[in-house]
Amino acid sequence: MITMSSTIAYTPEQRARAFELWERILTHRVFLREERYGSAPTSLAAKHVAALIDSDGAATDEFGPVTVTLVSYSDYGGSDLDAANVRALGELPGVSVTAGGAHGEDAAWLQLGELPVLGAQTVDDGLDRLQAIVDALGRIAENGLLDDEVHTAYIDELTDQAWEAWLGWDVISDLEPVAPEGFALSETERCQIRAAYYAFDGNEWVAETATSVTNYRHDHALAHAASTVLGWDYPSMKASHDAEQERAAAQRTATEHRWQWEHETFRAVWAAFLAAYPVPALSNATGPTRDYQHRTAFGQLHRAALTATVANLLTVVQADAEQAAYRDRDRRTAGQGRS
């Protein structure tokens, strides 16, 4: 990290150039934080910027120091491009990088007004470093990315980390449902599956967030690993498993529908029964008298229900017997006609 000088002896031309460069930095999409009051101004007055240039970024009697965040990202914000840009900017002299913040937040930042010079280096050296930062922000604004190689390396890093974070568990969880009964992977086979999965030529790793990637050809890589290590025809095994799951789901749905129909039918029959056999009216009595009336009333209802049920059964039986008699008579009549 560059160690800033405590005092800067600008010539008028150098001071004018420093002011111009800081103004250009502030025109980009940066985040400002005024450290004295903890505020986040959207812009700064020219005299504030000039005062911090003269103080080399330190607080003055009138103005507090200001942190300029150039690019940031976290687990919940930003993109993989932001993450790569933070790393690339961090390689420039004068840019500080804060890593490991809340929710994985990383940021590249500057102290407004500080000139990045080392020891005996000149003011012009520091201004050239500021110019390099301005140029880098311009490339980010134009292309969205400062360094393609840094971005590629970052995606490769996320890809490698994915296995321990979640991907390894997902792969094993996808294999286990289609595996033969009693099957268990050895530690060696797990390592071989990891190697075969990553070796699949068709892998298409895409950053879903700033800190995680997804393989858009996961199923193909999984089939390749299963075939290479276990000798499985994973697509066929998965299709068979999915079909069985669909049949089981359809059976559960049918059972649930039957239960619902039976419940609704029971409620309808019970409602009809209560309409035909209402509970006898109860008096306003209280205590043992009312309890007795309750038992009597529901006893009458119970007897009525039994009577109705038996009557319905006798009616059904009688109807079935009459129909059977009619069928027997018809058969006899038909037999006499043939003879």
Side-chain angles (χ1 to χ4, degrees), residues 73-87 103-104 106 144-145 147-266:
Y73 71 95
S74 71
D75 294 337
Y76 302 105
S79 69
D80 56 304
L81 301 182
D82 294 323
N85 288 333
V86 166
R87 294 189 171 199
H103 306 296
D106 290 358
L145 188 62
D147 191 317
D148 287 331
E149 292 184 359
V150 172
H151 179 256
T152 299
Y154 179 68
I155 294 299
D156 289 344
E157 182 180 318
L158 292 182
T159 298
D160 189 61
Q161 293 172 352
W163 189 269
E164 296 299 330
W166 57 271
L167 180 58
W169 187 90
D170 278 6
V171 168
I172 302 305
S173 296
D174 287 341
L175 290 175
E176 286 178 344
V178 306
E181 185 176 355
F183 175 82
L185 286 171
S186 67
E187 190 60 34
T188 298
E189 288 172 328
R190 289 173 182 266
C191 294
Q192 292 173 341
I193 286 174
R194 183 189 190 281
Y197 184 96
Y198 277 101
F200 177 60
D201 288 337
N203 284 333
E204 185 178 349
W205 298 100
V206 177
E208 292 288 312
T209 69
T211 58
S212 66
V213 293
T214 296
N215 184 5
Y216 277 9
R217 302 199 67 196
H218 170 76
D219 288 344
H220 295 83
L222 184 60
H224 172 76
S227 175
T228 302
V229 178
L230 304 174
W232 290 1
D233 182 359
Y234 178 77
S236 298
M237 297 169 70
K238 186 174 186 301
S240 176
H241 173 265
D242 291 346
E244 181 60 33
Q245 292 295 102
E246 290 178 3
R247 285 192 294 270
Q251 181 61 41
R252 287 194 298 272
T253 300
T255 301
E256 290 171 359
H257 287 171
R258 185 177 70 251
W259 288 344
Q260 182 179 3
W261 177 84
E262 291 175 349
H263 178 67
E264 292 175 352
T265 301
F266 171 79

d(S79 OG, N85 CG) to nearest 0.5 Å is 7.5 Å
With a 4.5 Å heavy-atom cut-off, do T209 and D75 have their side chains touching? no
Within this structure, what is the OG1-OH distance for the pair T211 and Y76, rounded to the nearest 0.5 Å? 8.5 Å
So, the side chain of T152 versus the backbone of D148: is there a donor-acceptor pair under 3.5 Å, distance only? yes
Test item: T228 and F200 side chains (from C-beta on) under 4.5 Å apart, heavy atoms: no
Apply the test salt bridge (Lys or Arg N to Asp or Glu O under 4.0 Å) to residues R217 and D201: give CA-CA distance (whole Å), side-chain angles for both, the deciding distance (0.1 Å), then the verdict. CA-CA 10 Å; R217 302 199 67 196; D201 288 337; over 6 Å; no
With rounding to the nearest 0.5 Å, note down the distance linking CG in L167 to OG1 in T159. 9.5 Å
How long is the span from the CZ atom in R252 to the CZ atom in R247, to the nearest 0.5 Å? 12.5 Å
What are the two closest non-hydrogen atoms of V213 and A207, and how far apart are they? CG1-CA, 3.9 Å
Are any side-chain N or O atoms of T253 and backbone N or O atoms of A249, one a donor and one an acceptor, separated by less than 3.5 Å? yes
Check: A210 main-chain N/O paired with D80 side-chain donor or acceptor under 3.5 Å: no
Residue pair V171 / W163, side-chain heavy-atom distance below 4.5 Å: yes
Heavy-atom pair of closest approach, residues E204 and N215: N-OD1, 3.0 Å
Counting C-beta onward and ignoring hydrogens, is there a side-chain heavy-atom pair between H218 and D174 closer than 4.5 Å? yes
Are more than 12 heavy atoms from other residues, nucleotides or ligands located less than 6.0 Å from atom CH2 of W169? no
If you round to the nearest 0.5 Å, how far is OH of Y234 from NE2 of H224? 15.0 Å
Is a side-chain donor or acceptor of S212 paired with a backbone partner of E208 at a separation under 3.5 angstrom? no
Hey, are the side chains of V86 and Y154 touching, using non-hydrogen atoms and a 4.5 Å cut-off? no
Between atom CD of Q161 and atom CG of D156, what is the distance when rounded to the nearest 0.5 Å? 11.0 Å
List the atom of A196, the atom of V229, and the distance in Å for their closest heavy-atom pair. CB-CG2, 4.1 Å
